[in-house]
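One structure is given below, encoded as structure tokens.
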4 protein chains.
Amino acid sequence: MSLRERKTAKKKEDILRTAVLVLSEKGYHGTTIEEIASRILMTKGSVYYYFKDKQDLLYQSQLMLLGRSIENVEAILFQDLLVIEKLRMAMIGHIEYLLWERSGFEMMVKLEQFFSAQQKEKILQLRDDYGKAFDQLIQAGIEENVFGSVDVKIVRNIILGAMNWVTQWYSESGKKDKTEIAESISDYLLHILIKK
Amino acid sequence: MSLRERKTAKKKEDILRTAVLVLSEKGYHGTTIEEIASRILMTKGSVYYYFKDKQDLLYQSQLMLLGRSIENVEAILFQDLLVIEKLRMAMIGHIEYLLWERSGFEMMVKLEQFFSAQQKEKILQLRDDYGKAFDQLIQAGIEENVFGSVDVKIVRNIILGAMNWVTQWYSESGKKDKTEIAESISDYLLHILIKK
Amino acid sequence: MSLRERKTAKKKEDILRTAVLVLSEKGYHGTTIEEIASRILMTKGSVYYYFKDKQDLLYQSQLMLLGRSIENVEAILFQDLLVIEKLRMAMIGHIEYLLWERSGFEMMVKLEQFFSAQQKEKILQLRDDYGKAFDQLIQAGIEENVFGSVDVKIVRNIILGAMNWVTQWYSESGKKDKTEIAESISDYLLHILIKK
Amino acid sequence: MSLRERKTAKKKEDILRTAVLVLSEKGYHGTTIEEIASRILMTKGSVYYYFKDKQDLLYQSQLMLLGRSIENVEAILFQDLLVIEKLRMAMIGHIEYLLWERSGFEMMVKLEQFFSAQQKEKILQLRDDYGKAFDQLIQAGIEENVFGSVDVKIVRNIILGAMNWVTQWYSESGKKDKTEIAESISDYLLHILIKK
DNA sequence: AATGAATGAGATTTCATTCAT
DNA sequence: TATGAATGAAATCTCATTCAT
């Protein structure tokens, strides 16, 4: 990759990162190209040099977000740890990410409105890939007999929902800091799984 | 209340109900007065006869939604049942409501963007009232020694998050129907609380 | 005129008086039927019982305003006074009316935009009738040789303009009260006419 | 200033000039962005590129109008002429401006309805600056003993009012052309001041 | 590669007007 | 007579998008 190409790639990424942020703050319709642009000291016009249209930009921002999340969780999957520990790490990572980045998964709501069927398909695919990492951990735990035999899909979604909701109620000014909250939530969620 | 007044009240409620629905489908900015109006065969102008502006309409729709939820949960609070049963009923009620109405709590995200400080305050108040009903049940369970001694605030939010997420993944075409899903989720969530 | 008819006439007049007021405060487009109605504790709908449409209402309000002004000035015309005194009275009356009613002649600007050709004609006619009263006084003064031989039309308009402007700058909190201002302006304007 | 900047400035000025015109024809509420835009073959959207909103546009148009008027009158102030001549020039200039531009000072009525307190303050300031130029001329005349000792504020306002009214009654088809009217009015107004 | 300028579609909002009661 | 309800046209304003430079 030439210097120029790298510069372009960097710029695109800057835009995408900002897009993820604004998107999670304002939602699809509340997000304006103008705002994304001005946050990185660009003009609207320039954004259109890098992305076909708003839809394309926001779509790609979701791909990036999901791609990274998947990388993170898969890195954990292949570590040499007890399954409980791996699941705990995945959960803590997820929650911490949400709290630090304050951006996230909320907008992934009602994809059909914003994205084409194809795009929706792809996002659902990635979402599912991400969810599957959790499924695998749960499944492994069941097989190792450390987890009770639960309905994997339902429990996975309970876990995801409980974690994603944290942005709604966590307050900086509370007693617990971000890491403590993440650990606490994770521990309680493990109660659903761990055999007594 | 005269006939005319009742008619007016009914109309307002119709608009609000529709607003709740559209709002949860499209988000604040994605919701247009036009769409709300046309769904109940009204014109934009008529909606403005009943509500000052979009903001007012959507604010009141949230009040209505929360008010009803609180009524529902408080009705359960005072029944003569075991605390576990009451909590289960509250959870199932919540989930079923979400799945039947397909409308919900998602938009209650980032209130500051849409509502005035006062309005936000009021909504947070009501949200908290709703949450407190769950807190009371959890607290009662702890005191009766049927639940372990958990951090009430955190567990309450885990429960709410897990429940609200259901709109994201529940599919009509899945194996379980709405009631089964609601029961299933509730049971798993009780695992966090119930002492073994 | 029956009681009922008198009641109706009274109501119409109330509306017209209010219309004159609002009109002079807000201008044609800034005046809403709603505002006129609510100031006399009526509803929009009721106003339409008495007047065909906004245009009709505002047109008639102008007729009333001008009609009264003409009555006032003509009453002076036929009094047994020196011409200078009569003109002074007419001027003072005009200015005091403006300052007390705070409503007036400003909106009579650009008639063509708001009124039909016929209506415009009628208003111009009345305006002219009003102006003619001043013309007559000026003319009489010239003939009696107390006034210099001026261009009547121009001087009349100087006088009207100077008087009407008073609503733009007179302030309650100033040194002079309404009557003093009216007298002062009148005296200065007479300088244009009186022979030395 | 670059070429582009000059072009932009020019465009803004075009819009403002048109705004002044339409405003004086139609009043604040009667003036639509659409009309301003279409008169200079622009679209509404473009106008909004240059001005934040209607209020901003009309406010700035008033600033421009007043600014120019002040420049004009102050240029006269410092010429080497008799005070009577200067005042006459100022008056003639004012009237001619009104008659040629057909735009003017009428809308400066009821500022509070249209402008913020700050904006109103600024406009009143400028209006006052303009008025003060006349005050200075009147005052100088009094001191030089060519004018009688009049109440400066009142006489200034008589003069302004008489002049501004001209747009209400001057007709192209009359005997006198614009300059003749201007001279005539000015001469009569000087009668108020000049000692015999 | 970047941007200033322009546009047009669509959203919110206001309001004169109508009408059934 | 009076009014609550409803409507639709028109106005303000926003913003994704395009394009010439």
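Chain letters run A, B, ... following the sequence lines, proteins first and then strands; every chain starts at 1. Side-chain atoms are counted along with the backbone in the values below, which use heavy atoms only and exclude waters and symmetry mates. This structure is a prediction, so every number in the text was calculated from the model and none was measured.
Counting to the nearest Å, the P atom of dC15(F) and the OH atom of Y28(A) are 14 Å from each other. Rounded to whole Å, the distance from CG on D56(B) to P on dT12(E) is 14 Å. At whole-Å resolution of the value, NZ in K44(A) and P in dT17(F) are 11 Å apart. Regarding L57(B), its CG atom lies at a distance of 16 Å from the P atom of dA11(E), rounded to whole Å.
Applying a 4.0 Å cut-off to non-hydrogen atoms, the residues of residues 29-42 of chain D that approach DNA chain F are T31(D), T32(D), I33(D), listed by residue number. Taking a 4.0 Å limit (strictly below) on heavy-atom distances, residues 8-16 of chain B does not reach DNA chain E anywhere. If you check residues 46-54 of chain C against DNA chain E, the residues with a heavy atom closer than 4.0 Å are Y48(C), D53(C), K54(C), listed by number.
The residue among G45(D) and R4(A) whose nearest nucleotide of DNA chain E lies closer to the 5′ end is R4(A).
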| request: Could you give me the CA-CA distance, side-chain angles and deciding distance for F114(C) and L58(C), then say whether side-chain contact (heavy atoms from CB on, under 4.5 Å) is met? | output: CA-CA 9 Å; F114(C) 312 124; L58(C) 298 190; over 6 Å; no

| said: What verdict does the side-chain contact (heavy atoms from CB on, under 4.5 Å) test give for R6(C) and L3(C), after you've listed the backbone C-alpha separation in whole Å, the side-chain angles of each residue and the deciding distance to 0.1 Å? | reply: CA-CA 5 Å; R6(C) 259 182 313 169; L3(C) 176 64; 3.9 Å; yes

| task | Apply side-chain contact (heavy atoms from CB on, under 4.5 Å) to the pair M42(C) and Y50(C), showing each step before the final yes or no. | result | CA-CA 12 Å; M42(C) 268 185 171; Y50(C) 293 96; 3.9 Å; yes

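Judged by distance alone, the side chain of E5(B) and the main-chain N or O of S2(B) form a donor-acceptor pair under 3.5 Å.
Note that NZ of K7(C) and NZ of K10(C) are 10.5 Å apart. Values are rounded to the nearest 0.5 Å.
The T43(D) side chain lies nearest to dT7(E) when the options are dG4(F), dT7(E), dA6(F).
A side chain to side chain contact (heavy atoms under 4.5 Å, CB included) with T18(D) is found for one member of L57(D), V47(D), I40(D) and no other, namely I40(D). L65(C) pairs with exactly one of L23(C), L16(C), V20(C) by the side chain to side chain contact (heavy atoms under 4.5 Å, CB included) rule, that one being V20(C). Here the options are R17(A), K11(A), K12(A), the test is salt bridge (charged side-chain N to carboxylate O under 4.0 Å, His left out), and the partner is D14(A); only R17(A) passes.
Among residues two or more places apart in sequence or in another chain, the salt bridge (charged side-chain N to carboxylate O under 4.0 Å, His left out) test is passed with R68(D) by E13(D). Residues satisfying the side-chain contact (heavy atoms from CB on, under 4.5 Å) test with S116(B), not counting sequence neighbours, are Q118(B), Q119(B).
A 4.5 Å side-chain heavy-atom check between Q168(D) and N164(C) finds every atom pair outside the cut-off. Within the 4.5 Å cutoff, no side-chain heavy atoms of M64(D) are placed close to those of Q60(D).
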| field | Pairing string, 5' to 3', for DNA chain F - Watson-Crick or wobble contacts under 3.5 Å, brackets [ ] where pairs cross, | to another strand | value | .||||||||||||||||||||

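A cation-pi arrangement is present between K54(D) and Y28(D) under the rule of less than 6.0 angstrom and at most 45 degrees off the ring axis.
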